[in-house]
Protein chains: 2
Amino acid sequence: MSYIRLVFTLDLFGDKKTGMMRNTLRRLPLYAQIKSVLIRRIVDGEWQANQALPSEWELAAELDVSQGTVRKALGELVTQGVLYRRQGRGTFVAEVASDWGAGYLVTPGLLNEKPDELVLELLGCSRGNAPDEVAQVLGLRRGAPVIRVRQLWRLSGLAVALDDAYLPAEPFDGLDARSIRQCGGGVYVTLQRRFGVRLRVTGEQLRAVMLGREDAAMLGVAPDQPVLSQLRVSATMEGEPLEWRQRICLTDSLAFTTGRQP
Amino acid sequence: MSYIRLVFTLDLFGDKKTGMMRNTLRRLPLYAQIKSVLIRRIVDGEWQANQALPSEWELAAELDVSQGTVRKALGELVTQGVLYRRQGRGTFVAEVASDWGAGYLVTPGLLNEKPDELVLELLGCSRGNAPDEVAQVLGLRRGAPVIRVRQLWRLSGLAVALDDAYLPAEPFDGLDARSIRQCGGGVYVTLQRRFGVRLRVTGEQLRAVMLGREDAAMLGVAPDQPVLSQLRVSATMEGEPLEWRQRICLTDSLAFTTGRQP
DNA sequence: CAGTGGTCTAGACCACTCG
DNA sequence: GAGTGGTCTAGACCACTGA
């Protein structure tokens, strides 16, 4: 519409008349640029969770690309879990990912797909220095200031998992137990609402270890039993790692499935 | 070209002239039907592993659909891991999935992406009756005849995992230790080569358990240590479950990552 | 250089949802 | 019935590969 918008569009997308990108300007495919624009606008709060985006045709007109290109961009965001689609209704912003992450707990045996009803409980939020491993993964200097968040997961009252998350302190100045509780207890929800940062899981490792005395006390179970140790790194949509998290998960009565919740 | 081909095409795809499917004939989208045709031809051995398919345009002409539709079908098969693409070269049939499956072992810490060099060793292949859980998952009657395959995984000589796989005996009559060894020791490779069945993992569960005495002996390690217990069900491309597999995985020096190998 | 996958457009119709 | 996502086509150009 405006001059600003016109300049912006030309700069970002190149020559539209031909339907092709100018080679000199080309960095990313059009649909990838559309993705970035949409992510930016979602993170900036232009559309809230479970709210519908403009239709594919409206977005196409607004962004001055074809509907197919918008569709491709939306499709990738759906795959990434940022959006979801409902035929005949529209495209919607997904809820921020749960702190639990992909996968879910089910009764062992692979048939009963009982979705979990996990309850998250914040144990504490403190400041400290980054352990070497955390610093390395998050790209911080040794001993850099970090925020440590400890959480407990309960399934129908019983403790089933214990989380230990580290975030760089610098970009998250106001993050404390109160603000996390205010947002419902989840780190990801809090980062989204308070800092406009939307994280996604980028790496995960699993091991079987013996439950230590301290963790056992936190969980209220006997020590010296085998537990699933889950290591996870999450990053911004742009790929910058911002969270290192370790989880101890009891799997004596529940099994951990990989993949998304159905 | 021929009469047979014409009838086949019309029956399968409906009215091509309009570019739309006739409502009366419609069951699946065109691209999904193309997928089925391609899977059939791949499983039938029309193209071998790492061999190029005809180009998208050739397939489009042959199947009497547009290149875009072929592309969408190929794209989903790439996502499923059946095919892979190389820009400027072509679309190729992927190797049959390894018995190891998705995920891989790495040194703990999430940074070193050292791909594994796992060696598979066949311990035995015997016939027996399906345990109840296996029968239930595979849709067999209680005590139905099954084939049990035991395998050992080694990483630079050291045993790291122990597999216990069950398959229904009926469709796999000639399957024995000799034929599996002949195909390199993998169950999936053997099923593909000898029976034209291509399996894909459809479900996976993980738990932490204590290593039992017998399994410890098989692995040549001390019992009473925590190990990762992995339960997996695999099915044909059409979705019929055909394999139940349990794995014991040592994770004291190696961590198990989720997701595909990079 | 020819051939391949990768991107993009414009236009069309279908299937679903909801008022 | 209007509006949305879902599918399909035809045609074009780009970027990469390998002979």
Side-chain angles (χ1 to χ4, degrees), chain A residues 9 12-36 38 47 50-79 83-94, chain B residues 9 12-36 38 47 50-79 83-94:
Chain A
T9 302
L12 186 58
F13 299 146
D15 188 355
K16 289 318 172 13
K17 296 292 176 283
T18 68
M20 283 290 104
M21 279 159 294
R22 280 205 291 266
N23 206 359
T24 51
L25 282 178
R26 185 183 209 290
R27 294 180 192 280
L28 282 173
L30 243 192
Y31 74 89
Q33 298 177 40
I34 302 290
K35 262 180 66 177
S36 301
L38 293 176
W47 308 293
N50 296 312
Q51 194 178 340
L53 270 63
S55 75
E56 295 178 352
W57 283 101
E58 285 171 355
L59 284 173
E62 181 187 347
L63 297 167
D64 196 17
V65 299
S66 76
Q67 174 261 358
T69 301
V70 169
R71 186 170 179 74
K72 178 148 187 175
L74 293 177
E76 296 214 345
L77 292 174
V78 168
T79 302
L83 303 174
Y84 61 94
R85 286 198 265 230
R86 290 290 175 267
Q87 173 160 162
R89 294 186 54 202
T91 304
F92 304 83
V93 178
Chain B
T9 303
L12 186 56
F13 299 144
D15 188 355
K16 289 320 173 11
K17 297 294 177 282
T18 69
M20 284 290 103
M21 280 158 293
R22 280 203 290 267
N23 206 356
T24 52
L25 282 178
R26 185 183 211 288
R27 292 180 193 282
L28 282 174
L30 243 192
Y31 74 87
Q33 298 178 39
I34 302 287
K35 260 180 70 176
S36 301
L38 293 176
W47 309 292
N50 297 312
Q51 193 178 340
L53 269 63
S55 77
E56 294 178 353
W57 284 100
E58 283 171 357
L59 283 174
E62 181 188 348
L63 298 167
D64 198 15
V65 298
S66 76
Q67 175 259 359
T69 301
V70 169
R71 185 168 179 75
K72 177 149 187 172
L74 293 177
E76 296 215 345
L77 292 174
V78 168
T79 301
L83 302 175
Y84 62 95
R85 286 199 263 230
R86 291 289 175 270
Q87 174 163 162
R89 295 186 53 201
T91 304
F92 304 83
V93 179

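Naming: A, B, ... by sequence-line order, numbering from 1 per chain.
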Test side-chain contact (heavy atoms from CB on, under 4.5 Å) applied to [X] - qualifying residues, sequence neighbours left out:
{"X": "A:Q51", "value": "A:Q48"}
{"X": "A:Q87", "value": "none"}
{"X": "A:A61", "value": "none"}
{"X": "A:A52", "value": "A:F92"}

- Task: Taking side-chain hydrogen bond (donor to acceptor under 3.5 Å, both in side chains) as the test, write out the residues that go with B:Q67, two or more places apart.
- Result: B:E56
- Item | Under the side-chain hydrogen bond (donor to acceptor under 3.5 Å, both in side chains) test, residues paired with B:T91 that sit two or more places apart | none
Return the polar atom pairs (N/O with N/O) between nucleotides 1-3 of chain C and the protein under 3.5 Å, or none.
residue : atom : partner : partner atom : Å
C:dG3   : N2   : B:G88   : O            : 2.8

- Item | Residues in salt bridge (Lys or Arg N to Asp or Glu O under 4.0 Å) contact with A:E76, at least two apart in sequence or another chain | A:K35
- Task: Could you list the residues that satisfy salt bridge (Lys or Arg N to Asp or Glu O under 4.0 Å) with A:K72, not counting sequence neighbours?
- Result: none
Using whole Å, what does the distance between atom [atom2] of nucleotide [N] and atom [atom1] of [X] come to?
{"X": "A:Y84", "N": "D:dG5", "atom1": "OH", "atom2": "C1'", "answer": "14 Å"}
{"X": "A:L30", "N": "D:dC14", "atom1": "CG", "atom2": "P", "answer": "13 Å"}
{"X": "B:F92", "N": "C:dG5", "atom1": "CZ", "atom2": "P", "answer": "8 Å"}
{"X": "B:I34", "N": "D:dC8", "atom1": "CD1", "atom2": "P", "answer": "9 Å"}
{"X": "B:D64", "N": "D:dC8", "atom1": "CG", "atom2": "C1'", "answer": "13 Å"}
{"X": "B:E56", "N": "D:dC14", "atom1": "CD", "atom2": "P", "answer": "18 Å"}
{"X": "B:L63", "N": "D:dT9", "atom1": "CG", "atom2": "P", "answer": "11 Å"}

- Sequence neighbours left out, what passes ring pair (Phe, Tyr, Trp, His ring centres under 6.0 Å) with B:Y31? Give chain and number order. none
- Contacting residues from residues 66-75 of chain B, given that a heavy atom lies under 4.0 angstrom of DNA chain D: B:S66, B:T69, B:K72
- Message: Can you tell me if B:Y31 touches the phosphate of D:dT7, counting only side-chain N or O atoms and a distance under 4.0 Å to OP1 or OP2?
- Response: yes
- Check whether any side-chain N or O of A:R85 sits under 4.0 Å from OP1 or OP2 of D:dG6, and answer yes or no. yes
- Rounded (10°) bend between the five-pair end axes of the helix from C:dC1-D:dG18 to C:dC18-D:dG1: 20°
- Atom CD1 of A:I34 and atom CZ of A:R71: how far apart are they, to the nearest 0.5 Å? 15.0 Å
- Query: At what distance, to the nearest 0.5 angstrom, does CG of B:L74 lie from CG of B:L53?
  - Reply: 6.5 Å
- Message: Go nucleotide by nucleotide along DNA chain C from the 5' end; which of A:R86 and A:W57 gets its closest nucleotide reached first?
- Response: A:W57
